[in-house]
Amino acid sequence: MSIASSSKISPSLRKQFCERFGDRARFDEPLAPHVAYGVGGPADVLVFPKTEDELSWISTTAREYALAITTIGTGTNLLVRDGGIRGVTISIRETFRDVQILEKKNGHTLVRCGGGVDKPAFLNWAVERGLGGLVFSAGVPGTIGGGIFMNAGTKYGCYGDILTRLRLFDFETGGREYGRNELHFGYRHQSHITPRTLVAWAEFSLEDSNPVEMRAEVDRIIEERAAKQPLDFPSCGSTFKNPEGFSAGRLVEKVGLKGRSIGGAQISTKHANFILNKNHARASDILDLIQIAKTEVYSKFGVQLECEVVVVGEDPYAQK
Ligand SMILES: Cc1cc2nc3c(=O)[nH]c(=O)nc-3n(C[C@H](O)[C@H](O)[C@H](O)COP(=O)(O)OP(=O)(O)OC[C@H]3O[C@@H](n4cnc5c(N)ncnc54)[C@H](O)[C@@H]3O)c2cc1C
């Protein structure tokens, strides 16, 4: 089946993007190489803005031309449908990348970190300087912005635990800072960041710690994860959130779906909450496996599985 998408970027608008962003605006850009799963159709335009002024220009232009805006990080929790993303797709993973020490006081260091910074790089940066608090994130990929949007975390903690301040850019109203007590974080959930907002930077309070001990703990956690998780094929980590009182992976395993394949996608034989791109999968293969797992788990256990992976983009197979 051929997959057609119809870009919403007219030639004159294309010219405006080119004048403003040069090669930081890419048209009909295939998104598969930009996301961890390696699947998904093209973005009408993928832009790498450097400043909030540029974000404002994108917001105003998108409003004027009635274009949707979608933010992506490194796509480690993102499933882009095969039809791609209409409108403007923004990535700040190559641009909002400053890490600054703001203050050191009473054994604590306040650090401001750009939303585009890579989490493993930030963790390494902190460990090298003996700044503790981020060890929980060992082995979690993606950007800081994506991590805060998802309140990414592990059994050892989450970003909401150490965040002190946040700057959000709202595509309707512009930039604004939020103090810790204005924000609420839950399991893979937070209160203020919607698809209309972008995490420009976040501040964390990190405590003085022993770098050698931290490095050993990071290595231990990474080893522990590698023993349980199938890391040799592309995935988005956990497909489903754990329903209250249950392990999503166990439920999928108990309905006998470990190893089930559709097209190039497979429910991992090692950990049933991981769906892998084993061999040139399409997004639709992964989505079909997600649907089968939801249906089977609901019919056997009455438990509704909710996706942790964020699904975006156009379904080219949908009946119009
Ligand atoms: C092998 C593997 C293991 C993983 N393990 C874990 C784990 O242990 N714990 C865990 O929580 N997650 C885990 N994940 C999922 C993923 O790494 C995290 O959710 C990560 O925080 C996503 O970051 P990202 O930059 O890739 O965001 P993306 O996947 O690109 O985007 C995810 C969501 O965040 C939004 N977003 C991205 N950047 C921004 C921004 N700057 N501002 C506002 N919104 C933004 C996107 O619009 C999207 O809705 C794992 C993934 C993989 C592949």
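All ligand and atom numbering here is 1-based and tracks the order in the structure.
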**Q** How many angstroms lie between atom CZ of Arg188 and atom CZ of Phe149, to the nearest 0.5 angstrom?
**A**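 The CZ atom of Arg188 sits 13.5 Å away from the CZ atom of Phe149.
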**Q** Identify, for atom 1 (C) of ligand 1, the protein heavy atom at the shortest distance, and state residue, atom and that distance.
**A**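 Looking at atom 1 (C) of ligand 1, the protein heavy atom closest to it is Leu231 CD2, 3.7 Å.
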**Q** Would you sort out whether Trp57 and Leu55 count as a side-chain contact (heavy atoms from CB on, under 4.5 Å), showing the intermediate values?
**A** CA-CA 5 Å; Trp57 185 88; Leu55 287 171; over 6 Å; no
**Q** Thinking salt bridges, do Arg167 and Glu52 make one under a 4.0 Å N-O criterion?
**A**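 Looking at Arg167 and Glu52, the cut-off is met.
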**Q** Evaluate Thr74 for polar contact with ligand 1, using N/O atom pairs at a separation under 3.5 Å.
**A**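 Min N/O separation from ligand 1 is below 3.5 Å for Thr74.
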**Q** Taking only heavy atoms of Gly142 into account, list the atoms of ligand 1 that are under 4.0 Å away from them.
**A**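 Heavy-atom distances to Gly142 below 4.0 Å select 23 (O), 24 (P), 25 (O), 26 (O).
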**Q** Stepwise, does the side-chain contact (heavy atoms from CB on, under 4.5 Å) test hold for Val111 with Glu203?
**A** CA-CA 5 Å; Val111 178; Glu203 285 176 13; over 6 Å; no
**Q** Does an N or O from Thr154, backbone or side chain, lie closer than 3.5 Å to an N or O of ligand 1?
**A**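 Among all N and O atoms of Thr154, none is under 3.5 Å from an N or O of ligand 1.
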**Q** Only heavy atoms of Ile92, strictly under 4.0 Å: list the atoms of ligand 1 that pass.
**A**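 Counting atoms of ligand 1 from 1, those under 4.0 Å from Ile92 are 41 (N).
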**Q** State the atoms of ligand 1, each with its element, that fall below the 4.0 Å cut-off from a heavy-atom position in Met150.
**A**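 Selected atoms, number and element: 19 (O), 33 (C).
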**Q** Is it the case that Thr109 and Lys104 place a side-chain donor and acceptor less than 3.5 Å from each other?
**A**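 Result is yes, a qualifying pair exists.
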**Q** Can you tell me which residue and heavy atom of the protein come closest to atom 5 (N) of ligand 1, and the distance to 0.1 Å?
**A**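 For this ligand atom, the closest protein heavy atom is Arg225 NH2, 2.9 Å.
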**Q** Tell me: protein heavy atom nearest atom 25 (O) of ligand 1, and distance?
**A**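 Checking every protein heavy atom, the shortest distance to atom 25 (O) of ligand 1 gives Thr143 OG1, 2.6 Å.
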**Q** Between Arg225 and Val140, is any pair of side-chain heavy atoms under 4.5 Å apart?
**A**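 Yes, their side chains come closer than 4.5 Å.
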**Q** Can you list the atoms of ligand 1 that are under 4.0 Å from a heavy atom of Leu78?
**A**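 Atoms satisfying the 4.0 Å criterion: 29 (O), 30 (O), 48 (C).
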**Q** Using a 4.0 Å cut-off to any heavy atom of Gly153, which atoms of ligand 1 qualify?
**A**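 Those atoms are 7 (C), 8 (O), 9 (N), 10 (C), 11 (O).
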**Q** Evaluate side-chain contact (heavy atoms from CB on, under 4.5 Å) for Ile292 paired with Ile262, printing each intermediate quantity in order.
**A** CA-CA 10 Å; Ile292 288 174; Ile262 295 184; 3.6 Å; yes
**Q** For Ser235, counting its heavy atoms only, list the atoms of ligand 1 lying under 4.0 Å from any of them.
**A**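 Going through ligand 1 atom by atom, the ones under 4.0 Å from Ser235 are 53 (C).
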**Q** Decide salt bridge (Lys or Arg N to Asp or Glu O under 4.0 Å) for Glu224 and Lys155; before the verdict, give the C-alpha distance in whole Å, the side-chain angles of both, and the deciding distance to 0.1 Å.
**A** CA-CA 12 Å; Glu224 176 185 75; Lys155 62 181 176 184; 3.5 Å; yes
**Q** Would Thr197 count as a contact of ligand 1 if the rule is a heavy atom under 4.0 Å away?
**A**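 Thr197: in contact with ligand 1 (<4.0 Å).
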**Q** For atom 49 (O) of ligand 1, what is the nearest protein heavy atom, given as residue, atom name and distance?
**A**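 Result for atom 49 (O) of ligand 1: Phe149 CE2, 3.2 Å.
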**Q** Report the nearest protein non-hydrogen atom to atom 42 (N) of ligand 1: residue, atom name, distance rounded to 0.1 Å.
**A**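 Protein heavy atom with the smallest distance to atom 42 (N) of ligand 1: Val199 N, 2.7 Å.
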**Q** May I ask you to identify, for Thr70, whether its side chain, its backbone, both or neither come under 4.0 Å of ligand 1 on a heavy-atom basis?
**A**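 For Thr70, there is no contact with ligand 1 at all, from either part.
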**Q** Is there a donor-acceptor pair closer than 3.5 Å between any side-chain N or O of Asn273 and the backbone N or O of Phe240?
**A**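 Yes.
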**Q** Could you name the option among Gly116, Gly114, Pro141 that has the heavy atom nearest to atom 50 (C) of ligand 1?
**A**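 Selected option, by shortest heavy-atom distance: Pro141.
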**Q** Mind checking whether Thr71 has an N or O less than 3.5 Å away from an N or O of ligand 1?
**A**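 N/O-N/O distance below 3.5 Å exists for this pair.
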**Q** If hydrogens are left out, which of Ala200, Gly75, Gly115, Gly146 has an atom nearest to atom 28 (P) of ligand 1, that is, the closest non-hydrogen atom?
**A**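 That would be Gly75.
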**Q** Should one rank Glu308, Lys119, Arg188 by closest heavy-atom distance to atom 20 (C) of ligand 1, which comes out on top?
**A**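 Closest candidate by heavy-atom distance is Lys119.
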**Q** For Leu79, which of Ile275, Val310, Ile290 qualifies under side-chain contact (heavy atoms from CB on, under 4.5 Å)?
**A**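 So the option named by the test is Ile290.
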**Q** Write out the residue and atom name of the closest protein heavy atom to atom 13 (C) of ligand 1, then the distance separating them to 0.1 Å.
**A**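 Here the nearest protein heavy atom works out to Val140 CG1, 3.8 Å.
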**Q** Quick one: does Gly139 get an N or O within less than 3.5 Å of an N or O on ligand 1?
**A**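 N/O-N/O distance under 3.5 Å: no.
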**Q** Carefully, step by step, assess Asn151 and Tyr187 under the rule side chain to side chain donor-acceptor pair (under 3.5 Å).
**A** CA-CA 7 Å; Asn151 191 19; Tyr187 171 54; over 6 Å; no
**Q** Check whether any N or O atom of Cys236, backbone or side chain, sits under 3.5 Å from an N or O atom of ligand 1, and answer yes or no.
**A**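 No, no N or O pair falls under 3.5 Å.
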**Q** Identify the residue among Arg165, His192, Arg176 that makes a side chain to side chain donor-acceptor pair (under 3.5 Å) with Glu182.
**A**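 The single option meeting the side chain to side chain donor-acceptor pair (under 3.5 Å) with Glu182 is Arg176.
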**Q** Hey, is Val310 touching ligand 1 through its side chain, its backbone, both or neither, going by heavy atoms under 4.0 Å?
**A**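 The part of Val310 near ligand 1 is the side chain, not the backbone.
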**Q** Measure from NZ or CZ of Arg14 to the centre of the six-membered ring of Phe27 and say whether it is under 6.0 Å with the direction within 45° of the ring axis.
**A**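 Yes, Arg14 and Phe27 form such a contact.
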**Q** Using a heavy-atom cut-off of under 4.0 Å, does the side chain or the backbone of Ala152 touch ligand 1, or both, or neither?
**A**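 For Ala152, backbone and side-chain atoms both sit under 4.0 Å from ligand 1.
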**Q** Closest non-hydrogen protein atom to atom 52 (C) of ligand 1, residue and atom name please, with distance?
**A**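 It is Gly237 N, 3.3 Å.
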**Q** As a check for students: among Ile72, Val80, Asn77, Val311, identify the option with a heavy atom nearest to atom 29 (O) of ligand 1.
**A**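 Among Ile72, Val80, Asn77, Val311, the closest heavy atom to atom 29 (O) of ligand 1 comes from Asn77.
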**Q** Does Tyr159 have its ring centroid less than 6.0 Å away from the ring centroid of Phe136?
**A**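 Yes, ring centres under 6.0 Å apart.
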**Q** Under the side-chain contact (heavy atoms from CB on, under 4.5 Å) rule, what do Arg86 and Glu314 come out as? Steps first, then yes or no, please.
**A** CA-CA 7 Å; Arg86 302 290 71 77; Glu314 208 168 61; 2.8 Å; yes
**Q** For ligand 1, which is the ligand I care about here, please tell me if Gly73 has any N or O atom under 3.5 Å from one of the ligand's N or O atoms.
**A**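 Such a contact does occur with ligand 1.
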**Q** What part of Thr76, side chain from CB on, backbone N/CA/C/O, both or neither, has a heavy atom under 4.0 Å from ligand 1?
**A**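 The answer is both.
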**Q** If only atom types and distance count, is the side chain of Glu223 paired as donor or acceptor with the main-chain N or O of Arg220 below 3.5 Å?
**A**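 No, because the side chain of Glu223 does not come within donor-acceptor range (under 3.5 Å) of the backbone of Arg220.
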**Q** Would you call Pro195 a ligand 1 contact, heavy-atom distance under 4.0 Å?
**A**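 No, Pro195 has no heavy atoms under 4.0 Å from ligand 1.
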**Q** Under 3.5 Å between some N or O of ligand 1 and some N or O of Gly147?
**A**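 Yes - when backbone and side-chain N and O of Gly147 are compared with those of ligand 1, one distance drops under 3.5 Å.
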**Q** Any idea how Phe274 and His271 line up, ring-wise: parallel (<30°), tilted (30 to 60°), or perpendicular (>60°)?
**A**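 Because their plane-to-plane angle lies in the 30° to 60° range, the rings of Phe274 and His271 count as tilted.
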**Q** For ligand 1, which atoms, with element, lie under 4.0 Å from some heavy atom of Leu198?
**A**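 Within the 4.0 Å cut-off of Leu198, ligand 1 contributes 42 (N), 43 (C).
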